[in-house]
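Numbers for residues simply follow the sequence, beginning at 1. Values below: every heavy atom of this structure, side chains too, minus hydrogens, waters and symmetry copies.
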Amino acid sequence: MKITLLAYGNPEAVKPLAALASALKSGGYEAEVAVPAGSDLYPAYSGTGRAWMHQRVWRYTGTGQGGSEGETAGGGNGSLREVCAESDLIISDLRMLDHALAVSDELNSKLMAAALTPPCPVSRSAAFVSGVLRKLPFFNGAAGRREPGYAWPLTGEAAPNKAVPRDILVLHAYSACFLERHGESGGLGGQIVTGEWRNAAGTGGSDYSSKSLEDTGQWLDEGEAPLYFGFSGLPLQTQAHCIHTALEASNELSCRAVIEADWQALGGLRHELPVNTLPVEMADCDRLFSRCRSVMHRGSSAAAHASLRAGIPALVCPAAEEEHVWGRLTAAAGAGSCLPLNKVTRKRLTQALRALEDKRVRNKTAELGASVRGENGIETAIPFIDRCLSWTQYRKF
């Protein structure tokens, strides 16, 4: 049976679906991950952090042994309909549900949705802007016809509203530890929260050379557990400012520090870095975080889960809308705190990192970490996929 997984496009959204596709292949399915080709990220306040300008052309991204990404041997480019042709099941990122609904109706394929982030509250102004942009010819075709390649992404509130009436099963690919027990979201009711979709430890392709892992491991063995600061992906000028602030904070706390940033940002600072600081261009979160005292990251799903899995508290410094969601959920779970990136100063950063040393925070994080390590999101999700493909009646969500 053929399963096509439609990813949102950016690497953070592709990796969970690639891990699931790899597991499905091991189970005997024909599974491929498809992403829009030739598109650029376009910043928008639509409740999802960023909106994707979908092109009519899609491409397969490889999901080889262990879910490593690369070009598929028999893959290629095509329209969304061509990519999904002969699919028995389409699994779509919830933010791409409009596209998936159109093509599944046309091809008469079964459809499931995957939510990689808990539902995001959408401000009134964000919903208004998203509604206005939906009506523009640029997104809906010059002739006013609805063209699946240009639908505006659904907001965090609108996506579930589309899924429920159509009886579309939604698998939530994140840990239940991040669901708020109290507050505005009030949990997810009857939705299926499987846990994070990730490759098993030690499998899949790696972007980290054995030499860099060996050097990092040797540096970690030479002293006490360090603080981790992650700034990769920010504008270079912002990274340089954040690195200086992090160095001042770690110096005031008398701690060693691991700083992840782009080499362009570190270039002019490498000779100024103290001996108790390790610069890295790309960190393996699962291996590094377990050796750290606490971490400061920007609020990606992978980093949020990795810090919790390691059982150490995290300070989330978000810049984008979706990053704010992970910061808020990390704080609500009692696993750390949230300090927006535009409010980071030496004094505030130092105070926030000191607060992570609180015994109650560390005990709570260790408790949640044990729960997360016991989860297997892919193992939980696959039985629902099996049941959907076998046309077994399942509970209506």
Side-chain angles (χ1 to χ4, degrees), residues 175 177-178 201 208 212-232 239 242-261 266 269 273-318 323 326-327 329-339 341 344-373:
S175 173
C177 294
F178 284 108
Y208 318 99
S212 63
L213 290 174
E214 182 181 338
D215 292 344
T216 301
Q218 181 180 351
W219 185 88
L220 291 169
D221 292 337
E222 291 174 353
E224 62 180 7
L227 299 173
Y228 164 85
F229 299 92
F231 303 119
S232 293
Q239 287 190 55
C242 290
I243 292 170
H244 280 296
T245 306
L247 290 175
E248 292 172 352
S250 60
N251 183 55
E252 189 166 336
L253 294 170
S254 301
C255 294
R256 300 202 302 164
V258 176
I259 296 180
E260 180 184 2
L266 289 167
L269 301 172
L273 295 177
V275 293
N276 64 344
T277 301
L278 176 69
V280 295
E281 182 180 14
M282 185 180 295
D284 184 345
C285 295
D286 282 316
R287 297 191 185 190
L288 178 60
F289 284 8
S290 60
R291 305 286 302 274
C292 290
R293 176 176 176 176
S294 55
V295 301
M296 188 238 87
H297 63 83
R298 288 174 49 203
S300 68
S301 172
H305 282 89
S307 62
L308 204 57
R309 195 160 41 247
I312 58 173
L315 171 63
V316 183
C317 295
E323 295 170 352
W326 285 111
L329 294 177
T330 298
S337 59
C338 180
L339 176 65
L341 192 65
V344 171
T345 61
R346 179 191 58 80
K347 182 178 180 180
R348 287 176 176 172
L349 182 59
T350 304
Q351 290 175 343
L353 291 172
R354 277 204 179 105
L356 298 183
E357 299 297 323
D358 186 273
K359 187 176 180 180
R360 290 172 296 181
V361 176
R362 302 197 77 86
N363 289 342
K364 180 63 175 178
T365 309
E367 177 188 336
L368 293 173
S371 299
V372 172
R373 289 192 293 273

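With sequence neighbours left out, the ring pair (Phe, Tyr, Trp, His ring centres under 6.0 Å) criterion links Phe289 to Tyr228. Residues satisfying the side-chain hydrogen bond (donor to acceptor under 3.5 Å, both in side chains) criterion with Glu252, sequence neighbours excluded, are Arg346. Evaluation of the salt bridge (Lys or Arg N to Asp or Glu O under 4.0 Å) rule for Arg354 yields no partner, not counting sequence neighbours. Looking at residues two or more places apart in sequence or on another chain, you find a salt bridge (Lys or Arg N to Asp or Glu O under 4.0 Å) between Arg291 and Asp221.
Two residues are said to be in side-chain contact when any heavy atoms from C-beta on lie closer than 4.5 Å; Cys242 and Leu341 meet this criterion. Residues Leu288 and Val295 form no side-chain contact, since every pair of their non-hydrogen atoms from C-beta on lies 4.5 Å or further apart. Taking 4.5 Å as the limit, some side-chain heavy atom of Trp326 sits within range of a side-chain heavy atom of Ser301. Contact check for Val316 versus Leu329: no side-chain heavy atoms found under the 4.5 Å cut-off. Between Leu353 and Phe229 there is a side-chain heavy-atom pair separated by less than 4.5 Å.
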Given the rule in the side-chain contact (heavy atoms from CB on, under 4.5 Å) test, do Ser232 and Met282 qualify, once you have shown the distances and angles that lead to the verdict?
CA-CA 8 Å; Ser232 293; Met282 185 180 295; over 6 Å; no
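Using a distance-only test at 3.5 Å, with no hydrogens or angles considered, no donor-acceptor pair links the side chain of His297 to the main chain of Ala314. Arg256 contributes no side-chain N or O that, together with a main-chain N or O of Leu278, makes up a donor-acceptor pair within less than 3.5 Å. A donor-acceptor contact shorter than 3.5 Å links the side chain of Ser300 to the backbone of Ala303.
The SG atom of Cys317 sits 5.0 Å away from the CG atom of Leu339 when rounded to the nearest 0.5 Å. Atoms CG and CZ, from Leu253 and Arg293 in turn, are 7.0 Å apart once rounded to the nearest 0.5 Å.
Identified under the salt bridge (Lys or Arg N to Asp or Glu O under 4.0 Å) test for residues 359-369, with sequence neighbours left out: Glu357-Arg362, Asp358-Arg360. Residue pairs meeting the salt bridge (Lys or Arg N to Asp or Glu O under 4.0 Å) criterion with at least one member in residues 300-312, sequence neighbours excluded, are Glu196-Arg309, Asp286-Arg309.
Residue Ala249 comes nearest to Leu349 through the heavy atom pair CB-CD2, 3.8 Å, listed as atom of the first residue, atom of the second, then distance.
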